[in-house]
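Side-chain atoms are counted along with the backbone in the values below, which use heavy atoms only and exclude waters and symmetry mates. So that the names make sense, note that chain A is the first sequence line, chain B the second, and so on, each numbered from 1.
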Amino acid sequence: MITFKDIHIQFGELSVIPGLNLQIREGEFFTFLGPSGCGKTTILRSLVGFINPSGGQILLNDRDITNVPIEKRGISMVFQSYALFPTLNVYENIAFGLRVQKIPSARLDEEVRDIARKVDLSEEQLFKKVSELSGGQQQRVAIARALVLKPSILALDEPLSNLDAKLRVQLRNELKSLQKKFGITTIYVTHDQEEALTLSDRIAVFHKGVAEQVGTPQEIYNHSATEFVCNFIGSSNRLDPALAGGPLKPWADPGKNVYIRHEKVSLHPFSSEETAVVLKGRIVEQEFYGIYTKYTIDTGGYGMLKSVEIVNSLNSRSAGDEVEVYLNVQDILQYD
Amino acid sequence: MTKIRSALSSIPVAAWLMYAFLGWFIVAFLIYPNLNVYYEIFWGGGSFSLDAVHKLISSERAMKSLYNSFILALSLVVTVNLVGIFLVLVTEYFEIKGAKILRLGYFTTLVYSGVVLVSGYKFIYGDSGFITRVLSHLFPAFNVNWFHGYGAVLFVMTFACTSNHVIFLTNAIRKLDFQTVEAAKNMGASTFYILRRVVLPVLKPTIFALTVLLFLTGLGATSAPLILGGSEFQTITPMILTFARSVTSKDLAALLALVLGVATLLLLTLMIRFEKNGNFMSVSKVKSALVKQKINNRIGNVLVHTAAYLLFVIYIIPVVLIILFSFTDARSISTAMLSPGEFTLDNYITVFSNMSAFKPYLVSICYAAVASLAVVVLTLMASRILHKFNNIWSRTLEYALLIPWMLPSTLIAIGLIVTFDTPKPILGNTVLLGTLWLLLIAYVIVHIPFTLRMVKASFFSIDGNLEDAAKNLGARSFYSFRRVLLPIILPSALAVLALNFNNILADYDLTVFLYHPLYQPLGIVIKNSTDAQALADTQALTLVYSVILMIMSAITLYGVYGRSSRSKTK
């Protein structure tokens, strides 16, 4: 188990992490999620040992590793750029750490080939230059290089951010299955909420160096603890005070900032168990996204609302149509 | 305090030794000799005196040399810019028939420069040169002693100095966003209007920088005025050389070198300021490559073609004749007559089989190899520090290593001479003057700035995560450097090493001040062969030296620039 105990990180006068308390369980796929500059990579680098915290402790299974040198922490890192050594071939990249440890050549060879097999790198690929590999293969080399040292923790710093959208989805799945295969505690840094939601067992959402919420993807999405988390994860409508204080009054506090996610606003009635408030409106804009369509609806005195509908030829609507709008009031989110 | 102590103790002993060595080298060879020049000039007699200044002002020869240098520098700015810009436009911008061949001809000054080029031109255009003979045959009244003085120096230096235009201006014009030219055309602008209003303004910062460098080259010219200037046109550097050789005029040599140094400093400062403020950045999101422009005006087209080919002939003739005459005997060389029956390989056989003929080559190769290797090792050490640390000490280190960039090599040579002609504690009371070491050290010093800039640039272009990754995999600092960083920067380091080797091999300007009389490097031997009393046999060997130097330069330049540009094209 990893424990961040009152971790402070300061760069000169600037306090980047003002005091972090966080626990990561063994074998967990844990994600640090947040916008650029929120401090998520800084925390990861302090865990790996590249940054010394100005205060606090980092505990690994109750052992204080705050001042332990990088190479003795047993944490392997996969970098955003993969940081594969361009002058070494795939085999030598994977063997690098083992050579540093002066592992006998027979055992080294066995371990390199073994990990290469596990991450699906072929014999032929082992002796290629890293520049001759595709983005996905490079990622596998970077992971193999990290895993061959049998670390207790794998730290991944936005490893998918340099790839195109399709490859990103493919590698995301591979990453998840590799983590399951090795059962290793994995800490993943990303600014991509979709990656975080699909990959993680638990997520910490960071804002200005503070973990605003720690929880499962479902908790984070459905019960966003803060207004920042609500806005950062998914897409929401901020409701007009007239609506919150009017038809939604039994469920909403008009003195608070009230939100409802786009998919909780529908042009069709919800199932009978769900409580809905119905408003009249007119579609002013329609954006087609392939499997779903996003509508912008003018509800007159209650402002604009956005709704997301799965595309279906029977229910398609157009700009200018007069519609009934259903709000699932059980999913209203409210913040001070 | 504890943190600082633990940080200091974490630095390995080898690193401390490296810092100590760099510190000593900088103080002993970059700072101390250059400061000592001032001391020797103003406090040479034990107390402060302006005697050297009075001596300089009252010396007619010295003042005349200052005036000549200034005139030469100004003239060069005009002639080289005219020729250089024309060459680049002809090879890169206008659609000229046979542009690729022309370019090859214009590039010839890249493979032979300095004393090799000047002696080559003298060999062709001098009183017994091939071209002079041809001209005197055509025009019997032609004065065979025409090629000397201001005109000859300016002529040779104009063609010698266009290399920078060919390299830098070509790069600049290739960066031009062609869509701006298309936009101007679309608005009805003519070819020459676009050239004047769109293309040349974009090249202005590069032209300005080249102009400053040209002016400095003109001020510090050594071999051309020495070989071709004659008694009527002597410039500062040959005068410094004359004064430095006289025991009573060393202060005058130092003062003249200082004048040159101050001028260099002022002009380089001006250039840096201009570079900072005057660069044009393309605002295009998608740049398109330059498409060569047709000259629609027929007369203009003929004129440009004629001038382009005339220049091609001027560039190519010395190279062709040097190569041809290197295969002839002493009689053909002295009479400047080429006849197919006289061609022989004897000169080449002599150079490679006779030790005394090969000795200058060997001396230069040894100096070039050791100095270029030393400067790369030194700058690798420094770059490693600059890459790892960003603090006041690393910045001081960088500025200190760039000192030679701001000083003409003449001043550096004089500084070393006046400083290490007596025992100095900083060198363990060793006297360097008169030893082989002084020239070696000077070669290293002069090449530090260029090498540092190149090596540092390749260090800084490395993905910072690579070293972190190596560290994360358990590698110590030196292991990461050896296994990860060094292999990446090695190609650039070797390229710089090759360029430095090439430059040192035929250097004259610095060598002439510091060489050991028993171990004369090539530059000195080549210069001596241009003297009136030189034997035709010596001239024959010099032609062989020149040809071999050209081949080596061509190979080096192809290895460094040619291959990389080919791979970029791929």
Side-chain angles (χ1 to χ4, degrees), chain A residues 12 41 44-45 47-54 67-89 92-103 129-131 138 141-151 153-159 162, chain B residues 1-12 15 376 380 383-384 387-392 394-395 455 457-495 563-564 567-568 570:
Chain A
T41 297
L44 187 82
R45 289 176 75 83
L47 171 68
V48 179
F50 290 121
I51 294 171
N52 283 331
S54 329
N67 294 311
V68 172
I70 298 165
E71 65 275 13
K72 289 184 181 153
R73 293 191 183 201
I75 304 172
S76 285
M77 181 155 168
V78 174
F79 293 81
Q80 187 170 5
S81 62
Y82 302 144
L84 297 177
F85 307 131
T87 53
L88 305 179
N89 63 17
E92 285 301 326
N93 261 282
I94 299 174
F96 189 93
L98 298 173
R99 288 202 193 283
V100 171
Q101 290 178 7
K102 299 196 167 61
I103 302 291
K129 285 182 186 172
V130 288
S131 57
Q138 286 180 358
V141 177
I143 291 172
R145 186 176 72 176
L147 291 179
V148 77
L149 297 176
K150 299 188 176 66
I153 297 159
L154 182 63
L156 299 124
D157 183 11
E158 307 213 32
N162 292 331
Chain B
M1 197 65 190
T2 325
K3 273 192 173 175
I4 294 172
R5 201 172 295 151
S6 77
L8 288 176
S9 64
S10 69
I11 300 172
V376 164
L380 270 175
S383 302
R384 173 73 175 150
H387 188 235
K388 270 187 95 163
F389 306 104
N390 182 16
N391 53 36
I392 186 162
S394 63
R395 283 192 290 276
V455 174
S458 62
F459 251 108
F460 278 76
S461 65
I462 296 174
D463 177 2
N465 284 332
L466 289 180
E467 207 177 350
D468 281 350
K471 216 186 253 181
N472 183 236
L473 295 167
R476 286 183 173 277
S477 186
F478 184 67
Y479 189 85
S480 323
F481 176 73
R482 189 170 61 79
R483 287 268 292 163
V484 178
L485 303 183
L486 192 60
I488 297 173
I489 54 168
L490 206 58
S492 322
L494 287 178
R563 279 176 53 198
S564 64
S567 60
K568 267 180 207 161
K570 275 180 196 171

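For A:Leu84, the part sitting under 4.5 Å from any heavy atom of chain B is the backbone (N, CA, C, O) and nothing else. A:Phe50 touches chain B through its side chain: at least one heavy atom from C-beta onward sits under 4.5 Å away, while N, CA, C and O do not. With a 4.5 Å cut-off on non-hydrogen atoms, A:Arg45 touches chain B through its side chain but not through its backbone.
Of the listed residues B:Asp463, B:Asp468, B:Val484, the one with more heavy-atom pairs under 4.5 angstrom with chain A than any other is B:Asp468. If you tally non-hydrogen atom pairs under 4.5 Å between each of B:Ala469, B:Gly464, B:Pro487 and chain A, the highest count goes to B:Ala469.
One N or O on the side chain of A:Asn89 and one on the backbone of A:Glu92 form a donor-acceptor pair closer than 3.5 Å.
For the atom pair CG (B:Leu486) and OG1 (A:Thr87), the distance works out to 9.0 Å, reported to the nearest 0.5 Å. Between the CD1 atom in B:Ile489 and the OG atom in B:Ser492 there is a gap of 7.5 Å [rounded to 0.5 Å]. Note that CD of A:Gln101 is 5.5 Å distant from CG of A:Leu149, once rounded to the nearest 0.5 Å.
Taking 4.5 Å as the limit, every side-chain heavy atom of A:Phe79 sits out of range of all side-chain heavy atoms of B:Leu466.
Under a 4.0 Å N-O distance rule, the pair B:Glu467/B:Lys388 does not qualify as a salt bridge.
The aromatic rings of B:His387 and B:Phe460 lie perpendicular to each other, with more than 60° between the two planes, well past the 30° mark.
Every residue meeting the side-chain contact (heavy atoms from CB on, under 4.5 Å) condition with B:Leu494, not counting sequence neighbours, appears here in chain and number order: B:Leu490.
When the heavy atoms of residues 471-480 of chain B are compared with those of chain A, the residues falling under 4.5 Å are B:Lys471, B:Asn472, B:Leu473, B:Gly474, B:Ala475, B:Tyr479, listed by number.
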